[in-house]
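What follows is a set of notes on a single structure, which appears directly below.
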2 protein chains.
Amino acid sequence: MADDVRWLDSDELQGWIALAGLLFKLPGALDFQLQRDSGLNHFEYTVLAALSESPDRSRRMSDLAGEANGSLSRLSHVVKRLERRGFVRRRPFEEDGRITVATLTDEGYAYLVEAAPGHVEAVRRYVIDALTPEQLGQLKAISDQILAKVDADRSC
Amino acid sequence: MADDVRWLDSDELQGWIALAGLLFKLPGALDFQLQRDSGLNHFEYTVLAALSESPDRSRRMSDLAGEANGSLSRLSHVVKRLERRGFVRRRPFEEDGRITVATLTDEGYAYLVEAAPGHVEAVRRYVIDALTPEQLGQLKAISDQILAKVDADRSC
DNA sequence: GTAGTTTAGTTGATGCTTCAACTCAAGGTA
DNA sequence: TACCTTGAGTTGAAGCATCAACTAAACTAC
C-alpha cells in the first residue's frame, strides 16, 4: 500500500463536496420534473431532443449515443422503449447493413414539443437563473475541462 | 399551451450542454473506478466515508441520508447491503425507538481505508487537477447556488 | 472465396433506484 | 383512556442502467 496519496486539502475538499452534492441531486430533480410532467426521464428527453435537431430528424445509433452522452447499449434499450411508445422508428441503413438509423416520428416530435417548455423552465430555475452570466461561462469552461479528462480516460 | 417560454440563448445553451455532459458522464467514471477497484459504488462509498467521520463512527439513518445526499429509502437499501457484507451494523436508539443508528464496523473501516486512495486519485485526476485553484473556488460557489435552488424546490 | 477480424448494434441477466405502501413508535388532544 | 397524527424507517414491486455475451454485416488478406 503506497502511502504517498495526495489527499485533498481543505479548499479542494470543499469544492469536491459541493460538486458531489450537485452530481447526486440535480439529476434527480430534473428527472422528477420530466417524469411527473411528461413521463420521460432526462436521458430519454435528450435522445428525442438530439433527434429533433438532426437532419431528417434521423441519426445513426452510435452518433446518437455520443450526442446524448450515453453508451450504445443504454441507447438501444431506450430507443426500444421509445419505439414501443411510437416516438421513434428504426430501420437498417441500406449502404451499410451494420448501421441502424433512428428517426423521430411526428408523434415523438409533438410529444417533445409538449415536454420542452417544462424542462427548459426547470433548467432555468435550477441552473441558469441561479448563476450570473459570468458564472455560466465559468461553468462551461470547468465542465469542458473535466469532461476532457473523463473522456480521455474512458475512450482509450 | 403558453408560448411565453423563455428559451435558452446561445450562451445559456452552451453552458447547460456542458453541464449536462458532466452530469451524465462524471458519475459513471467515478462509479467505474470504485466498482472495479473496490466493489463499491459512489453512493456506498459516500455512506461509509460519512460514517467514518462521525462520532463513534455512528449516525442515525436520516442524518446519514442527508450527509450522503440520498433519500432515506435509498439509504435503507444500501445499508442493508453494506450490513450483509459486514461493513455496517444497525441498532435501534434506546431513547427513541423510531430512530435507527448505523455504525461503521472495523471491517468496514478497513475496507474504506483500502478504497480511499484510489477514489481520491480519481477525484483528483478528473476534477481537482483539471482545474485551477481559482476555478475550483468558482465551482464551489456555482454548485452551492444551484443546490440551494434544488433543495428549495424539493424539500417544500 | 473463405477464414479471420473488426464494427455496429442487440439482448438478457443482474443489480440498483425509486415510488408507494406499510409498520411501529412517540406526541398531542379530548 | 382511546384516538388521531406525525415522524422514522423498512419493504416489495417496477423500472432503469450496466455488463458481458451474442448476432450479423463488412472489411482484409491470403
Side-chain angles (χ1 to χ4, degrees), chain A residues 23-36 38-47 58-85 88-103 154-155, chain B residues 23-36 38-47 58-85 88-103 154-155:
Chain A
L23 294 179
F24 276 121
K25 290 187 166 171
L26 183 53
L30 293 166
D31 273 334
F32 178 79
Q33 179 278 322
L34 272 170
Q35 199 74 58
R36 184 195 53 195
S38 313
L40 294 170
N41 65 29
H42 191 201
F43 186 66
E44 291 169 331
Y45 180 94
T46 306
V47 168
S58 298
R59 213 164 184 105
R60 52 180 294 197
M61 294 292 281
S62 23
D63 264 23
L64 192 51
E67 195 78 15
N69 299 300
S71 68
L72 193 49
S73 167
R74 184 182 190 180
L75 180 69
S76 181
H77 285 295
V78 164
V79 167
K80 197 196 299 172
R81 296 201 297 269
L82 293 173
E83 206 170 24
R84 250 187 256 124
R85 296 168 74 178
V88 170
R89 253 194 325 262
R90 268 183 295 191
R91 66 189 146 69
F93 186 51
E94 294 86 0
E95 298 163 37
D96 185 337
R98 292 170 299 182
I99 291 173
T100 302
V101 176
T103 303
R154 307 235 39 198
S155 65
Chain B
L23 294 178
F24 276 121
K25 289 187 167 173
L26 183 53
L30 293 166
D31 272 335
F32 178 80
Q33 178 278 320
L34 271 170
Q35 199 73 58
R36 185 195 52 195
S38 312
L40 293 171
N41 66 28
H42 191 202
F43 186 68
E44 291 169 332
Y45 179 94
T46 305
V47 167
S58 298
R59 213 161 183 111
R60 53 180 293 197
M61 294 291 282
S62 21
D63 264 23
L64 191 52
E67 194 77 16
N69 300 301
S71 68
L72 193 48
S73 167
R74 183 182 190 181
L75 180 70
S76 181
H77 285 294
V78 164
V79 167
K80 197 196 298 171
R81 295 202 296 271
L82 294 173
E83 205 170 24
R84 249 188 254 125
R85 297 168 74 178
V88 170
R89 252 195 325 262
R90 269 184 295 192
R91 66 188 145 69
F93 185 51
E94 294 87 358
E95 297 163 38
D96 185 339
R98 290 171 298 185
I99 291 173
T100 302
V101 176
T103 303
R154 307 232 42 196
S155 65

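Quick caveat, the model's predicted, so the values are computed rather than measured. A note on names: the letters A, B, ... follow the listed sequences, proteins ahead of strands, and every chain is numbered from 1.
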Upstream residue (5' side of DNA chain C) when A:G28 and A:V101 are each assigned their closest nucleotide: A:V101
Side chains of B:D96 and B:R60 in contact at under 4.5 Å (non-hydrogen atoms): no
Sole candidate of B:L26, B:D31, B:V47 that passes side-chain contact (heavy atoms from CB on, under 4.5 Å) when paired with B:H42: B:D31
B:D63 CG - D:dG7 P separation (whole Å): 16 Å
Any donor-acceptor N/O pair, B:Q35 side chain to B:F32 backbone, under 3.5 Å: no
Atom pair distance, as rounded to whole Å: CG in B:L40 and P in C:dC16: 11 Å
Length of the CD-C1' vector between A:E44 and D:dC16, whole Å: 9 Å
Derivation of the side chain to side chain contact (heavy atoms under 4.5 Å, CB included) call for A:S58 and A:R91: CA-CA 10 Å; A:S58 298; A:R91 66 189 146 69; 4.1 Å; yes
Plane angle bin for B:F43 and A:F24 - parallel if under 30°, tilted between 30 and 60°, otherwise perpendicular: perpendicular
A:N41 or A:E95, whichever maps to the more 5' nucleotide of DNA chain D: A:N41
Side-chain touch B:E44/B:S38, heavy atoms, less than 4.5 angstrom: no
d(CG, A:N69; C1', D:dA17) in whole Å: 15 Å
Candidates D:dT10, D:dA13, C:dG9 - which lies nearest the side chain of A:M61: C:dG9
First of B:H77 and B:R60 reached from the 5' end of DNA chain D, by closest nucleotide: B:R60
Short side-chain N/O contact to C:dT10 OP1/OP2 from A:R90, under 4.0 Å: yes
Of the listed nucleotides C:dG9, C:dT17, D:dA17, the one nearest the side chain of A:I99: C:dG9
A:E83 CD - C:dT10 P separation (whole Å): 9 Å
Integer-rounded Å distance: C:dA8 P and A:R91 CZ: 18 Å
Options D:dA8, C:dG9, D:dA26, nucleotide nearest the side-chain atoms of B:S62: D:dA8
Donor-acceptor pair present, A:S71 side chain and D:dC19 base, under 3.5 Å: no
Short side-chain N/O contact to D:dT23 OP1/OP2 from A:R98, under 4.0 Å: no
Between D:dG7 (P) and B:L72 (CG): distance, integer Å: 14 Å
Residue-phosphate contact under 4.0 Å: A:K80 side-chain N/O, C:dT10 OP1/OP2: no
Sugar-phosphate only, base, or nothing, as touched by B:R36 at under 4.0 Å among non-hydrogen atoms: nothing
Check: D:dT11 base within 3.5 Å donor-acceptor of B:S73 side chain: yes
Protein-nucleotide distance (B:R74, atom CZ; D:dA14, atom C1'), rounded to Å: 17 Å
Touch class at under 4.0 angstrom, heavy-atom based, for A:T100 against every strand present: sugar-phosphate
